[in-house]
Amino acid sequence: MSTNGPDHIEFQGKDLKECERFIAAVNKHAHAEGKFWDNQWIAEFVAIRLTGDALIWWSLLDEETQGSWRLLRQAMISRFRPLFYGKSGSEAEDFVSQIRQRALHVGKLNDPRWTAEFASGCFMGSAIRWYTSLESGVRNDWDSLQQAIFAQYPPELEQDLPSM
């Protein structure tokens, strides 16, 4: 997403982080234009700033959602997930936290099967290879999956600082 000004606000639909930055930039621009509460104006502004996967996704939405920033924003947050590439322990911690926050937000934190199913679509790169190698009992249970993630991607060791 580019945000060098209102003409450069763009959303490609890569992941949740890009989605969050886009929503914040759109809200900031709408506020600056005195249109913060004008759902239709913002929805029209957003429609011409979508590219790639986001544009295709938007094109498949119903007209009511396309025409309301409130509904469109909710649909975007539901659609664009956090992605996990398996690069580090800190990435694993961020990923688990984001999944837990989403599950809490939709009232599913105590539903380990739903949470594991939601997380299943978030693995990318080498992490998806690792994920698919897990036993189905681990893949289908969030509590077990969290533990497997943390075991596979442990926290980085802090380097000892020299004593003075």
Side-chain angles (χ1 to χ4, degrees), residues 1-109 111 114-132 139 142 145-146 148-150 152-153 155-156:
M1 183 198 76
S2 175
T3 57
N4 294 335
D7 293 335
H8 295 93
I9 296 173
E10 177 181 282
F11 181 56
Q12 297 175 1
K14 293 178 184 173
D15 61 19
L16 182 61
K17 290 292 185 190
E18 183 199 17
C19 182
E20 290 169 352
R21 288 189 299 268
F22 178 74
I23 289 171
V26 166
N27 284 342
K28 184 177 180 179
H29 178 69
H31 184 268
E33 294 292 321
K35 300 286 190 176
F36 188 77
W37 295 108
D38 190 337
N39 280 318
Q40 183 177 353
W41 183 90
I42 300 171
E44 290 174 9
F45 175 80
V46 166
I48 61 172
R49 282 156 176 80
L50 301 175
T51 64
D53 290 341
L55 178 59
I56 293 167
W57 169 80
W58 178 87
S59 298
L60 299 173
L61 292 172
D62 63 82
E63 205 171 299
E64 181 182 12
T65 302
Q66 289 178 341
S68 166
W69 175 232
R70 183 182 60 80
L71 295 175
L72 183 55
R73 190 176 56 234
Q74 290 171 351
M76 290 172 72
I77 291 169
S78 293
R79 165 66 176 88
F80 299 100
R81 301 170 178 228
L83 298 179
F84 180 63
Y85 292 89
K87 294 181 180 178
S88 68
S90 61
E91 182 197 12
E93 291 167 3
D94 289 344
F95 174 70
V96 168
S97 178
Q98 289 179 41
I99 297 297
R100 292 175 59 83
Q101 288 173 15
R102 180 68 66 92
L104 180 63
H105 176 73
V106 298
K108 297 286 190 175
L109 189 57
D111 186 343
W114 182 93
T115 308
E117 190 173 298
F118 175 77
S120 71
C122 302
F123 292 94
M124 303 294 288
S126 63
I128 197 159
R129 292 182 179 279
W130 168 79
Y131 170 80
T132 58
R139 288 193 317 266
W142 177 240
L145 183 55
Q146 286 181 100
I149 291 169
F150 288 142
Q152 180 70 20
Y153 304 97
E156 292 81 24

Heavy-atom closest contact (Leu16 atom, Pro82 atom, distance) = CB-N, 3.6 Å
Do Trp41 and Glu33 come close enough that some side-chain heavy atom pair is under 4.5 Å?
-> yes
Mind checking whether Phe22 and Leu50 have side chains closer than 4.5 Å, heavy atoms only?
-> yes
Where Trp114 and Lys108 come nearest, the two heavy atoms and their spacing | CE3-CB, 3.4 Å
Crowding at CD, Gln152 (>12 non-hydrogen neighbours, <6.0 Å) | yes
First locate atom CD of Glu93, then atom OG of Ser88, and finally report the distance between them rounded to the nearest 0.5 Å.
-> 8.0 Å
Verify, without hydrogens or angle tests, whether Arg81 (side chain) and Ser120 (backbone) share a donor-acceptor contact under 3.5 angstrom.
-> no
Donor-acceptor contact present, side-chain Glu91 to main-chain Tyr85, <3.5 Å | yes
Is any side-chain heavy atom of Phe118 closer than 4.5 Å to a side-chain heavy atom of Val106?
-> no
Verdict with reasoning, Ser97 to Gln101, per side chain to side chain donor-acceptor pair (under 3.5 Å) = CA-CA 6 Å; Ser97 178; Gln101 288 173 15; 3.3 Å; yes
Determine the minimum heavy-atom distance between Ile9 and Ala25, stating which atoms define it.
-> CD1-O, 3.8 Å
Side chain Glu18, main chain Phe11, donor-acceptor under 3.5 Å = no
Looking at Phe84 versus Tyr153, is the centre-to-centre ring distance below 6.0 Å?
-> yes
Decide side-chain contact (heavy atoms from CB on, under 4.5 Å) for Phe80 and Lys14; before the verdict, give the C-alpha distance in whole Å, the side-chain angles of both, and the deciding distance to 0.1 Å.
-> CA-CA 8 Å; Phe80 299 100; Lys14 293 178 184 173; over 6 Å; no
For the atom pair CD1 (Ile42) and NE2 (His31), what is the distance rounded to the nearest 0.5 Å?
-> 11.0 Å
What pair of heavy atoms forms the shortest contact from Ala127 to Gly86, and how long is it?
-> CB-N, 3.7 Å
Would you say Asp53's side chain and Gly13's backbone share a donor-acceptor pair under 3.5 angstrom?
-> no
Nearest-0.5 Å distance, CG of residue Asn27 to CZ of residue Arg73 = 6.0 Å
Are any of the side-chain heavy atoms of Trp58 and Val46 separated by less than 4.5 Å?
-> no
Within-4.5 Å side-chain heavy-atom neighbours: Leu109 and Arg100 = yes
What residues, two or more places apart in sequence or in another chain, satisfy side chain to side chain contact (heavy atoms under 4.5 Å, CB included) together with Gln40?
-> Asp38, Glu44
Going from CD on Glu10 to CG on Leu55, what distance comes out if it is rounded to the nearest 0.5 angstrom?
-> 10.5 Å
Just checking, any donor-acceptor pair under 3.5 angstrom between side chains of Ser78 and Gln74?
-> no
Contact check, side chains of Phe123 and Thr132, non-hydrogen atoms, under 4.5 Å = no
The reported gap from CZ in Phe95 to CD in Gln146 (rounded to nearest 0.5 angstrom) is 10.0 Å
Would you check if Ile23 and Ile77 make a side-chain contact, meaning some heavy-atom pair closer than 4.5 Å?
-> yes
In Å, rounded to the nearest 0.5 Å, how long is the span from CG of Asp62 to CG of Leu71?
-> 8.0 Å
Can you find a heavy atom in the side chain of Ile99 that is under 4.5 Å from one in the side chain of Trp142?
-> yes
